[in-house]
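Proteins get letters first, then strands, A, B, ... in listed order; numbering begins at 1 in each. Computed from a predicted model, the values in this text were never measured in an experiment.
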Protein chains: 4
Amino acid sequence: MSTKDLILATAKDMISEVGFHKMTTSNLAKRADISEGTIYRHFESKEDILQHILDTFDEKYMTLAETCRVRMDKGTLSLDDLLGSHFSFLDANAADIKIVLGTYSILEITRRSMGRFIERMRTLFEDFLARGAETGTLLEVPLRPTGLILANMFFGLMRIKLYWPEIDDFSMEAVEFCRRSLMLPEAGI
Amino acid sequence: MSTKDLILATAKDMISEVGFHKMTTSNLAKRADISEGTIYRHFESKEDILQHILDTFDEKYMTLAETCRVRMDKGTLSLDDLLGSHFSFLDANAADIKIVLGTYSILEITRRSMGRFIERMRTLFEDFLARGAETGTLLEVPLRPTGLILANMFFGLMRIKLYWPEIDDFSMEAVEFCRRSLMLPEAGI
Amino acid sequence: MSTKDLILATAKDMISEVGFHKMTTSNLAKRADISEGTIYRHFESKEDILQHILDTFDEKYMTLAETCRVRMDKGTLSLDDLLGSHFSFLDANAADIKIVLGTYSILEITRRSMGRFIERMRTLFEDFLARGAETGTLLEVPLRPTGLILANMFFGLMRIKLYWPEIDDFSMEAVEFCRRSLMLPEAGI
Amino acid sequence: MSTKDLILATAKDMISEVGFHKMTTSNLAKRADISEGTIYRHFESKEDILQHILDTFDEKYMTLAETCRVRMDKGTLSLDDLLGSHFSFLDANAADIKIVLGTYSILEITRRSMGRFIERMRTLFEDFLARGAETGTLLEVPLRPTGLILANMFFGLMRIKLYWPEIDDFSMEAVEFCRRSLMLPEAGI
DNA sequence: TATGAATGAGGCTTCATTCAT
DNA sequence: AATGAATGAAGCCTCATTCAT
């Protein structure tokens with residue numbers, strides 16, 4: 001692994017564990033077993049490290065969204081698929097999420113980054129809802145706010161999972177909660 | 001106002017405006033027009049100030065919950081009443097909420113405090129759902145997780161309102177979203 | 001002596017001895033026997049200390065210039081008096097001068113400060129020359145540049161005295177040099 | 001141009017532009033488009049680069065002095081010639097002068113180098129004055145200090161020109177000033 | 001010769017906290 | 001109770017220099 005990647009990986013771990021402020025350049029260097037000066041050969045500032053982490057995360061989510069859209073266009077993406085792939089994504093990127101959730105209130109760059117993230121997720125959900133309404137599988141609901149509600153639900157789930165692990169996971173029930181609100185009362189009766 | 005309250009009020013404003021880390025004891029003293037030393041006559045540490053703010057907030061919410069319970073026991077609390085009174089509470093205590101949301105990821109004391117807050121809200125919603133199921137006005141849903149889902153929804157709404165004010169308010173739609181998921185398909189009509 | 005003055009005096013000594021860059025905040029604190037943090041209770045930055053030194057020096061020269069002007073108006077100020085009082089001033093403020101000479105090429109604030117200093121000295125000399133020409137004790141020479149030449153001569157003398165003390169003092173000869181250039185060829189002869 | 005010369009030339013530009021301290025080895029390498037390590041293949045240290053620049057400058061002045069002496073021995077060097085050739089030299093080597101003036105107060109090596117420079121100039125002027133006195137074209141003045149006064153005047157002129165370019169050039173008047181002080185009251189009566 | 005990543009000492013500054021008055 | 005000067009640990013960052021390739 002290149003030194004730059006080592007720094008990035010170590011910083012990601014540390015920030016998600018102790019927060020941005022408590023990861024000091026000195027700590028970071030020690031844990032990555034490099035000198036403090038080396039950090040500045042690869043990054044302009046401590047905040048710059050975070051910026052890189054956020055950018056990478058951003059790209060990862062864009063890839064997921066793209067994949068979802070492709071399947072949506074083919075008509076093979078169910079509500080469960082959509083929510084399920086998001087849960088997987090969030091689980092797989094827990095550290096990044098924790099970083100985002102833990103710094104958006106402190107740092108302007110994260111606030112902006114998370115704002116973009118929310119928007120992207122909302123747009124994706126919105127498009128899904130629009131399509132569902134067209135094909136008659138979902139209720140007709142106000143698209144924009146409902147997309148936001150779903151995105152918001154996801155963040156909340158992650159937050160609780162990450163910061164209050166002692167609380168039982170309630171993802172499944174959340175999915176049910178949403179299904180009841182969005183699915184048409186099963187025609188077939 | 002006593003000096004202690006002055007410090008508390010000033011600190012609350014500052015923390016919600018600039019965050020816990022960026023409120024320094026020096027800033028605080030200047031803005032409250034007292035000396036830095038005076039702070040330590042009333043509080044043990046900077047964190048101790050936060051602790052007091054959190055405790056006060058805690059009590060305020062307990063009062064609201066108590067009020068809700070009283071009305072619930074009388075059978076005069078509709079879903080709209082419940083959610084409405086919470087929206088009012090959150091609006092009226094925006095500064096406290098912002099402090100909680102902005103520090104739980106950094107400080108153990110807030111993490112615990114917010115944990116309790118979530119639990120309390122969850123319990124209240126849970127009780128409401130149980131009663132609704134009994135009286136036949138609400139669907140039968142898994143109580144504990146659904147209470148959590150509702151609490152979670154509230155926090156999310158506040159968060160977006162506080163940190164991304166440029167996003168349109170979607171409280172009303174969120175309420176609708178929940179109603180659809182929880183209300184019985186209006187019987188016989 | 002107040003702590004602020006102690007810092008100022010110590011810094012003046014150190015800067016004139018080793019230069020602005022080589023006086024570090026750490027050194028300064030050690031030599032003044034205070035903690036590094038204390039420096040920042042009294043000054044905004046390291047450069048701010050220098051600023052204070054320069055301002056004080058500025059005022060001191062303005063006082064001298066004022067005194068000279070008063071005597072000039074009374075008609076009791078000979079060329080020897082004028083140059084003599086300047087030599088005394090420069091000798092008495094050797095540390096300040098060394099600081100000015102040693103930092104104007106590095107720091108914008110000193111460059112400006114020294115610029116003002118030169119101007120002030122030039123103006124004073126210029127006025128003296130004008131008066132001398134009027135009263136017929138001095139040659140008529142271009143005022144502005146000649147004032148500058150005299151100011152310049154002074155700075156040069158100080159510089160050599162301060163940085164090359166091994167070179168014999170030549171102030172007296174410099175005064176003679178100027179007299180020959182400025183005095184009317186003694187009438188009476 | 002050899003790499004060594006490239007480094008030297010680039011360093012000369014940079015030091016005269018931003019000063020010795022603000023030219024970092026990193027900057028220098030970037031501007032010269034070489035690697036930082038390469039610098040240390042050609043020079044022992046950052047100061048060593050300056051040493052080379054100073055040495056080269058020293059030689060250049062020695063050449064000028066030599067030329068002047070040759071003409072002096074032939075008896076074809078007027079005061080105007082002498083001063084004029086010095087002005088030309090200083091103009092042509094403005095970067096070197098700026099380096100010397102900007103570092104003698106900080107660095108021992110420059111202080112020594114400039115000391116030698118002053119001495120050399122003084123000696124040359126002194127010899128010229130001696131000859132002038134012998135041939136009866138110049139007043140008899142104390143040689144050593146007067147030589148120093150002239151050298152000093154030159155440095156002052158350069159300094160002001162380089163650091164306060166907003167001040168009008170007063171070289172011509174300076175020459176006049178010196179002529180008045182040194183020339184015999186034109187016999188020719 | 002040349003590279004450029006790595007080093008580590010040290011610089012300036014901030015800030016929660018203490019203490020004599 | 002209140003003051004505010006003083007502390008000192010710790011934070012971020014810079015930079016001349018070294019060294020393996």
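- Taking atom CD1 of residue A/Ile7 and atom C1' of nucleotide F/dC12, one finds them 15 Å apart after rounding to whole Å.
- Considering only side-chain atoms of C/Glu36, the nucleotide from E/dC12, F/dA2, E/dT7 that sits closest is E/dC12.
- For F/dA6, the OP1/OP2 oxygens have a side-chain nitrogen or oxygen of C/Thr3 closer than 4.0 Å.
- One can place CZ of D/Phe43 at 13 Å from P of F/dT17, the figure rounded to the nearest angstrom.
- Take the nearest nucleotide of DNA chain E for B/Glu47 and for A/Ser35: the residue whose nucleotide is more 5' is A/Ser35.
- Nearest-nucleotide positions on DNA chain F place C/Gly37 closer to the 5' end than the other of A/Ser26 and C/Gly37.
- Side-chain nitrogen and oxygen atoms of A/Tyr40 include none within less than 4.0 Å of the OP1 or OP2 phosphate oxygen of F/dT14.
- Rounded to an integer number of Å, the gap from C/Lys22 NZ to E/dG10 C1' is 15 Å.
- In this structure a side-chain-to-backbone donor-acceptor pair under 3.5 Å is missing from C/Thr103 to C/Ile106.
- We find that D/Glu119 and D/Arg116 are not joined by a salt bridge, their nearest charged nitrogen and carboxylate oxygen being 4.0 Å or further apart.
- The CE atom of D/Met23 sits 14 Å away from the C1' atom of F/dT17 (whole-angstrom rounding).
- Across all strands shown, F/dA1 forms no Watson-Crick or G-U wobble pair with both key distances under 3.5 Å.
- Taking a pair to require two hydrogen-bonding distances under 3.5 Å in either a Watson-Crick or a G-U wobble arrangement, F/dG11 pairs with E/dC12.
- A cation-pi arrangement is present between D/Lys46 and D/Phe20 under the rule of less than 6.0 angstrom and at most 45 degrees off the ring axis.
- Contact check, A/Arg41 against E/dA6: no side-chain N or O comes under 4.0 Å of OP1 or OP2.
- Note on A/His21: every side-chain N or O is 4.0 Å or more away from OP1 and OP2 of F/dG11.
- Under 4.0 angstrom from either OP1 or OP2 of F/dA16 there lies at least one side-chain N or O belonging to D/Thr25.
- Among the nucleotides F/dT7, E/dT13, F/dA1, the one closest to the side chain of C/Ile34 is F/dT7.
- The residue among D/Thr24 and A/Asn27 whose nearest nucleotide of DNA chain F is located toward the 5' end is A/Asn27.
- Checked by atom type and distance alone, the side chain of A/Thr56 pairs as donor or acceptor with a backbone atom of A/His52 at under 3.5 Å.
- Checking C/Lys22, C/Lys98, C/Arg31 one by one against C/Glu17, the salt bridge (charged side-chain N to carboxylate O under 4.0 Å, His left out) holds for a single residue, C/Arg31.
- D/Thr110 approaches D/Val100 most closely through the heavy-atom pair CG2-O, 3.7 Å.
- Contact annotation: A/Thr38 reaches the phosphate of E/dT7 (side-chain N/O to OP1 or OP2, under 4.0 Å).
- Distance B/Lys4 NZ to F/dA2 P: 12 Å, rounded to the nearest Å.
- For the pair A/Leu28 CG and F/dC13 P, the computed distance is 12 Å after rounding to whole Å.
- Distance, B/Asp5 CG to F/dA1 C1': 16 Å, rounded to whole Å.
- For the pair D/His42 NE2 and E/dT3 C1', the interatomic distance rounds to 12 Å; values are reported in whole Å.
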